[in-house]
Amino acid sequence: MATEEAAVTNFIRDIINEDLAAGKHSGVVTRFPPEPNGYLHIGHAKSICLNFGIAQDYAGRCHLRFDDTNPTAEDIEYVDSITEDVKWLGFNWGESCFYAADYFERIYGYAEDLIKKDRAYVCTLSPEEFKEYRGVPNRPGKSSPWRDRPVEESLDLFRRMRAGEFADGEYVVRAKIDMASPNLHMRDPAIYRIKHAHHHRTGDAWCVYPMYDFAHCIEDSIEGITHSICTLEFEVHRPLYDWILDALEVECHPQQIEFARLNLTYTVMSKRKLLELVRDGHVDGWDDPRMPTVSGLRRRGFTAASIREFCRRVGVTKVESLTDIALLEHCIRDELNKTAARAMGVLNPLKLVITNYPEGQEETLEGINNPGDESAGTRPVPFSRELYIERGDFREEAPKKFFRLKPGQEVRLRYGYLVTCTGCKKDEATGEVTEVTCTYDPETRGGNAPDGRRVKGTIHWVSAAHAKEVEVRLFDRLFTCERPDDVPEGGDFKDNLNPDSLSVTRAFVEPSLATAEPGSRFQLERTGYFVVDTKDSTPECPVFSRIVPLRDSWAKKR
RNA sequence: UGCCCGAUUGUGUAAUGGUAGCACAACGGUCUCUGACACCGUUUGUCUAGGUUCGAGUCCUAGUCGGGCAACCA
């Protein structure tokens with residue numbers, strides 16, 4: 001996509017440019033550091049594009065690093081999905097796939113160093129007492145009675161913590177900073193805790209695990225990260241990040257830079273909430289096509305390029321924002337308009353009988369696969385006396401500007417003939433139209449009249465005898481309001497779930513689609529872009545999922 | 001009632017003391033064998049009040065509004 005190559009600029013790149021110009025670094029090393037405790041979503045995609053994008057543009061490196069310091073939340077399943085998603089998004093970490101767990105020995109050593117320097121101590125306060133002593137934002141905390149525990153004693157205790165002599169929560173290692181700091185994170189934060197838990201990578205080798213604040217800056221430092229980019233909520237952690245690296249006197253001290261996370265209308269973006277949707281069965285799994293997860297978007301039919309383009313257009317700032325999901329939809333439409341093959345399919349079928357077309361006759365017409373790309377070629381489309389058309393394309397009584405079928409009006413059958421509506425049949429009981437009749441002009445084969453008369457409307461169709469019946473899944477937004485998180489007191493974001501976000505129907509598609517490969521994308525003309533579902537399609541019955549509808553200015557006018 | 005961060009059209013962003021621009025959305029039109037696409041046009045913006053300056057969206061001060069921070073989570 002040409003637009004994707006347009007120069008990107010943002011405040012983080014400005015900082016990098018300045019650092020490079022000042023000779024602070026000779027190259028750029030970034031990292032994407034997910035905790036493997038959930039699936040990646042489009043917000044992570046923004047971070048991935050940012051970090052890997054910078055590495056690409058500055059000829060540097062971006063590490064994929066699993067920040068797996070909390071074994072009770074993490075799982076190998078997530079490691080695998082994250083790896084797959086980053087790869088699918090089109091990024092390459094080369095040899096640089098790391099795990100915080102692989103640094104546990106070094107991180108532990110740094111904690112001992114801190115204790116030896118009397119910059120950390122082992123605290124015996126219970127979690128409740130710990131909380132109480134910390135104080136509240138506008139009131140200073142008070143020192144733990146164990147704050148001045150002798151270095152040797154702390155060291156001994158820490159080693160016994162590691163050796164497994166104590167139960168979870170009995171002791172904790174704390175950095176010795178400032179209990180009166182207005183920044184709560186500086187009030188002697190915990191840096192190591194006891195957790196007798198099995199780790200997905202280190203197994204049962206450890207029963208003490210470092211806290212995020214202690215581990216993360218060390219991981220960055222070990223890897224020689226130059227710019228450690230994270231989201232805004234870590235801003236208040238930065239003084240601690242810097243304090244630890246300063247106290248440890250390490251050589252490499254990366255710069256933490258925070259940016260605003262992505263928010264999207266009509267969806268939620270927290271792992272916890274997404275997990276809740278999966279666990280409670282509101283969706284069909286992490287890769288449900290309605291989910292804002294990378295795997296959900298992939299299954300929905302979004303391309304990696306369209307997601308990258310979206311992330312580029314969204315920009316990077318420190319302003320908390322809510323991006324209109326229409327922008328994401330625009331990005332995929334824009335790409336698929338150029339690349340997707342066209343075909344015809346009728347979602348809500350109504351029989352159309354051409355009364356003057358010879359019974360039993362059929363012929364093969366030619367459909368253009370992509371009007372914007374001649375190299376896409378053409379395909380045969382069978383035509384016969386009885387067709388299916390879209391129910392919405394017929395109205396017995398219709399306004400003047402209704403350019404479709406109504407009694408007495410002529411329309412074009414795409415790539416077919418001009419037909420004039422002569423009437424319809426109805427179910428006597430319900431009044432529902434069951435069949436529409438028309439006559440065709442044999443001189444208009446292919447869709448053009450020799451006398452040059454203009455026909456305003458063109459509708460799509462499939463030959464009833466040749467149609468392939470398939471399953472179609474149409475998606476609407478998962479939530480009914482722009483900000484599902486905004487709920488009144490006592491409410492829950494799930495109250496805003498859209499009960500009609502999924503509708504499943506049968507549809508008739510032209511025979512060329514019968515053998516469509518799972519994962520392939522099409523534009524069903526006048527209807528939308530579809531992907532053949534990769535999970536539920538069978539050779540007998542492909543499942544066509546709508547990625548996004550076509551824009552429809554007629555629908556708006558009505 | 002503490003500290004930190006932020007504020008440019010409906011939304012997302014650009015402008016690095018010198019003409020407030022772009023994209024999406026909306027609206028109107030042209031074109032059209034997709035009421036799509038494309039093309040043209042229109043509407044809407046620098047939170048407020050002071051200050052510095054020849055000149056302020058940009059710098060300073062105060063305020064207002066919004067967000068974050070009180071897991072042995074990340």
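By convention in this document, chain letters (A, B, ...) are assigned in the order of the sequence lines, proteins followed by strands, and residues within each chain are numbered from 1.
Pairing of B:rG18, defined by two Watson-Crick or G-U wobble distances under 3.5 Å, is identified with B:rC54. Searching all strands for a Watson-Crick or G-U wobble partner of B:rA49 with both distances below 3.5 Å returns B:rU61. Partner assigned to B:rU8 is none, using Watson-Crick or G-U wobble distances below 3.5 angstrom. Shown here, B:rG35 forms no base pair; nothing in the strands shown gives a Watson-Crick or G-U wobble contact with both key distances under 3.5 Å. Across the strands present, B:rG41 finds its partner in B:rC27; the criterion is a Watson-Crick or G-U wobble pair with both atom distances under 3.5 angstrom. A 3.5 Å limit on both hydrogen-bonding distances identifies B:rG68 as the Watson-Crick or G-U partner of B:rC3.
Straight-line distance from the NZ atom of A:Lys131 to the C1' atom of B:rA71: 9 Å, rounded to whole Å. The distance from atom CD of A:Glu320 to atom C1' of B:rG68 is 7 Å, rounded to the nearest whole Å. Protein atom CG of A:Asn370 is 14 Å distant from nucleotide atom C1' of B:rA38, rounded to whole Å. One can place CZ of A:Arg187 at 12 Å from P of B:rA70, the figure rounded to the nearest angstrom. One atom, CG of A:Leu322, and another, P of B:rU9, lie 14 Å apart when rounded to the nearest Å. One can place CD1 of A:Ile194 at 20 Å from P of B:rA71, the figure rounded to the nearest angstrom. The OH-P distance, from A:Tyr212 to B:rC72, rounds to 16 Å in whole Å. Taking atom NZ of residue A:Lys318 and atom P of nucleotide B:rC4, one finds them 13 Å apart after rounding to whole Å.
Inspection of the A:Arg551 and A:His330 side chains reveals no N or O donor paired with an N or O acceptor under 3.5 Å.
Screening A:Tyr209, A:Phe104, A:Phe158 for a ring-ring contact (aromatic ring centres under 6.0 Å, His included) with A:Tyr192, the sole residue that qualifies is A:Phe158. Of the candidates A:Thr30, A:Asn51, A:Asp220, A:Asp220 is the only one forming a side chain to side chain donor-acceptor pair (under 3.5 Å) with A:Ser228.
Proximity of A:Arg333 to the phosphate of B:rA36: no side-chain N or O atom is located under 4.0 Å from OP1 or OP2. For A:Arg412, no side-chain nitrogen or oxygen approaches OP1 or OP2 of B:rU34 to under 4.0 Å. Between A:Thr69 and the phosphate of B:rA74, there is a side-chain N or O to OP1/OP2 separation shorter than 4.0 Å. Checking the phosphate oxygens (OP1, OP2) of B:rA26, a side-chain nitrogen or oxygen of A:Lys556 falls inside 4.0 Å. For the OP1/OP2 pair of B:rC24 and a distance below 4.0 Å, the side-chain nitrogens and oxygens of A:His330 include at least one atom meeting the criterion. OP1 and OP2 of B:rG12 both lie 4.0 Å or more from every side-chain N or O belonging to A:Arg312. OP1 and OP2 of B:rC73 both lie 4.0 Å or more from every side-chain N or O belonging to A:Thr72. A close approach under 4.0 Å does not occur between any side-chain nitrogen or oxygen of A:Lys271 and OP1 or OP2 of B:rC73. For A:Arg551 and B:rA25, the shortest distance from a side-chain N or O to OP1 or OP2 is below 4.0 Å. Side-chain N/O atoms of A:Ser553 include none lying less than 4.0 angstrom from OP1 or OP2 on B:rG35. Applying the 4.0 Å criterion to OP1 and OP2 of B:rC73, one finds that A:Arg193 has a side-chain N or O inside that range.
The glycosidic torsion of B:rA71 lies within 90° of 0, which places this base in the syn conformation.
For B:rU13, its base never sits under 3.5 Å from the side chain of A:Arg313 at any donor and acceptor pair. Side chain A:His237 to base B:rA74: a donor-acceptor pair is found below 3.5 Å.
Heavy atoms of A:Asp67 sit under 4.0 angstrom from primed sugar atoms or phosphate atoms, though from no base atom. Among the heavy atoms of the strands, none lies under 4.0 Å from A:Arg272.
Counting non-hydrogen atoms of other residues, nucleotides and ligands closer than 6.0 Å to CZ of A:Arg445 gives a total above 12. Around atom CZ of A:Arg279, more than 12 heavy atoms belonging to other residues, nucleotides or ligands sit under 6.0 Å away.
Two rings, from A:Phe166 and A:Tyr171, have their centers less than 6.0 Å apart.
Judged by the 6.0 Å distance and 45° axis criteria, A:Lys406 is not positioned over the aromatic ring of A:Phe394.
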